[in-house]
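If you're wondering where the values come from, they're calculated on a predicted model, not measured in any experiment.
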Amino acid sequence: ESLATALKRDCDVEAETVLDPTFLLDAEDYMAVAEPINVTQPFVLAYYLSEEEQLFNCAQKVAEQLKQPLVEIHFYRTERSSGWQVADCGPGEFLTYFRNASCVLTNSFHGVAFSIIFQRPFYAVYGKDSRKDSILNKLNLTERHIYSPQDIMCGDIGLQSVDASALLRREREKTLAFLKKSIGQ
């Protein structure tokens, strides 16, 4: 359930749903602050908001199918790993990992956001989350939401570039119009 729905139901308050501010910049804006990373070969990226076994299993399956190393971004080093962990990257490196990944697997809203912004093939691996559901619905990317490795079809890991740019542009325009109206411009 969205916050806008809950506000209407519980408080009789109308609320406008707008894009997360992350989406108000485009890839070129973010790449202006990007920094180099130590990975020069193609790789699969797993970005963990929380440590979940399903995400790890899905990421391993995609890396095996692509025959590419799995690079994992965690908040801290973990015992269970593909062997290539990053737990101390700054914002510039973080952006470069997303920009350079062959495929991204994540359970993070912002992992989904940067995959979309950089038009990277991705899978969002999570149970239920209205925030992620909302952006995937708005951009017609619901097929990117998976629950387990069984949802990844052998030989068909969806490596087409994720291009939701027309829908994202429309949502950006709506969000900016709402913000301008809200501040009286």
Side-chain angles (χ1 to χ4, degrees), residues 1-7 15-37 39 43-52 55 58-59 62 71-76 85-146 158-183 185:
E1 172 181 44
S2 74
L3 180 57
T5 303
L7 284 171
E16 181 82 21
T17 302
V18 297
L19 286 177
D20 182 270
T22 307
F23 286 107
L24 298 182
L25 298 176
D26 58 27
E28 294 77 31
D29 295 321
Y30 283 111
M31 289 315 295
V33 296
E35 295 178 15
I37 58 174
V39 185
F43 63 93
V44 172
L45 177 65
Y47 173 53
Y48 296 79
L49 178 63
S50 59
E51 299 298 318
E52 293 178 7
L55 173 56
C58 290
V62 170
V71 175
E72 300 173 71
I73 298 178
H74 299 267
F75 288 107
Y76 50 84
Q85 284 189 35
V86 178
D88 57 358
C89 68
E93 295 162 303
F94 178 86
L95 294 169
T96 304
Y97 277 111
F98 276 87
R99 177 67 184 106
N100 292 356
S102 297
C103 185
V104 176
L105 292 97
T106 187
N107 56 10
S108 156
F109 173 83
H110 287 98
V112 169
F114 285 114
S115 298
I116 293 167
I117 289 165
F118 291 124
Q119 298 183 353
R120 305 316 310 154
F122 74 93
Y123 287 114
V125 185
Y126 63 96
K128 179 78 174 124
D129 183 306
S130 64
R131 192 171 182 212
K132 288 180 273 229
D133 291 343
S134 175
I135 195 63
L136 294 175
N137 284 329
K138 278 184 188 224
L139 301 179
N140 293 332
L141 295 171
T142 55
E143 78 282 356
R144 298 276 130 205
H145 178 196
I146 63 172
L159 277 186
Q160 67 275 12
S161 178
V162 175
D163 186 0
S165 54
L167 292 171
L168 183 55
R169 192 170 29 259
R170 185 186 77 214
E171 291 297 326
R172 257 189 207 134
E173 290 167 2
K174 285 172 40 180
T175 297
L176 290 171
F178 173 79
L179 291 173
K180 287 177 182 176
K181 179 182 169 195
S182 296
I183 60 172
Q185 286 192 348

For Ser108 and Gly111, work out which heavy atoms get closest and say how close. OG-N, 3.0 Å

Side-chain (Arg99) to main-chain (Arg120) donor-acceptor, under 3.5 angstrom: no

Donor-acceptor pair, side chain of Arg144 and main chain of Phe122, under 3.5 angstrom: yes

What verdict does the side-chain contact (heavy atoms from CB on, under 4.5 Å) test give for Asp26 and Arg172, after you've listed the backbone C-alpha separation in whole Å, the side-chain angles of each residue and the deciding distance to 0.1 Å? CA-CA 10 Å; Asp26 58 27; Arg172 257 189 207 134; 3.9 Å; yes

Atom CD1 in Ile37, atom OH in Tyr97: separation rounded to 0.5 Å? 5.0 Å

Do Phe118 and Met31 pass the side-chain contact (heavy atoms from CB on, under 4.5 Å) test, and can you show the C-alpha distance, the side-chain angles, and the key distance before you say yes or no? CA-CA 10 Å; Phe118 291 124; Met31 289 315 295; 3.6 Å; yes

How many angstroms lie between CD1 in Ile135 and CG in Leu141, if you round to the nearest 0.5 Å? 8.5 Å

Return yes if some donor-acceptor pair links the side-chain N/O of His74 with the main-chain N/O of Tyr48 below 3.5 Å, else return no. no

Here the pair of heavy atoms bringing Ala113 nearest to Thr22 is CB-CG2, 4.1 Å

All heavy atoms of Ala124 vs all of Val112, minimum pair found to be CB-CG2, 3.7 Å

Return the CG to CD distance between Leu136 and Glu143, rounded to the nearest 0.5 Å. 8.5 Å

Please confirm whether the backbone N or O of Val18 pairs with a side-chain atom of Thr175, one donor and one acceptor, at under 3.5 Å? no

By side-chain contact (heavy atoms from CB on, under 4.5 Å), which residues pair with Ser134, not counting sequence neighbours? Lys138

Ala59 and Ala46: which non-hydrogen atoms are nearest, and at how many Å? CB-CB, 3.8 Å

Under 3.5 Å, side chain of Glu173 to main-chain N/O of Arg170, donor-acceptor pair present? no

Look at the rings of Phe114 and Phe98 and say which category their plane angle falls in: under 30° parallel, 30 to 60° tilted, over 60° perpendicular. tilted

Name all residues meeting the side-chain hydrogen bond (donor to acceptor under 3.5 Å, both in side chains) criterion together with Ser165; count only those two or more places apart in sequence or in a different chain, and write none if there are none. Asp163

Between the CG atom in Leu179 and the CD atom in Glu16, the distance rounded to the nearest 0.5 Å is 9.5 Å

Under 3.5 Å, is there a donor-acceptor pair between the side chain of Tyr47 and the main chain of Phe94? no

Stepwise, does the salt bridge (charged side-chain N to carboxylate O under 4.0 Å, His left out) test hold for Asp20 with Arg131? CA-CA 9 Å; Asp20 182 270; Arg131 192 171 182 212; 2.4 Å; yes

Hey, mind stepping through Leu168 and Phe23 against side-chain contact (heavy atoms from CB on, under 4.5 Å) and telling me if it holds? CA-CA 8 Å; Leu168 183 55; Phe23 286 107; 3.6 Å; yes

Counting distance only, does the side-chain N/O of Asn107 pair as donor-acceptor with the main-chain N or O of Tyr126 below 3.5 Å? no

Within the distance-only criterion (no hydrogens, no angle test), does the side chain of Thr96 pair as donor or acceptor with the backbone N or O of Glu35 below 3.5 angstrom? yes

Atom CD of Glu52 and atom OG of Ser50: how far apart are they, to the nearest 0.5 Å? 3.5 Å

Could you state the interatomic distance from OG1 (Thr106) to CG (Leu45), rounded to the nearest 0.5 Å? 8.0 Å

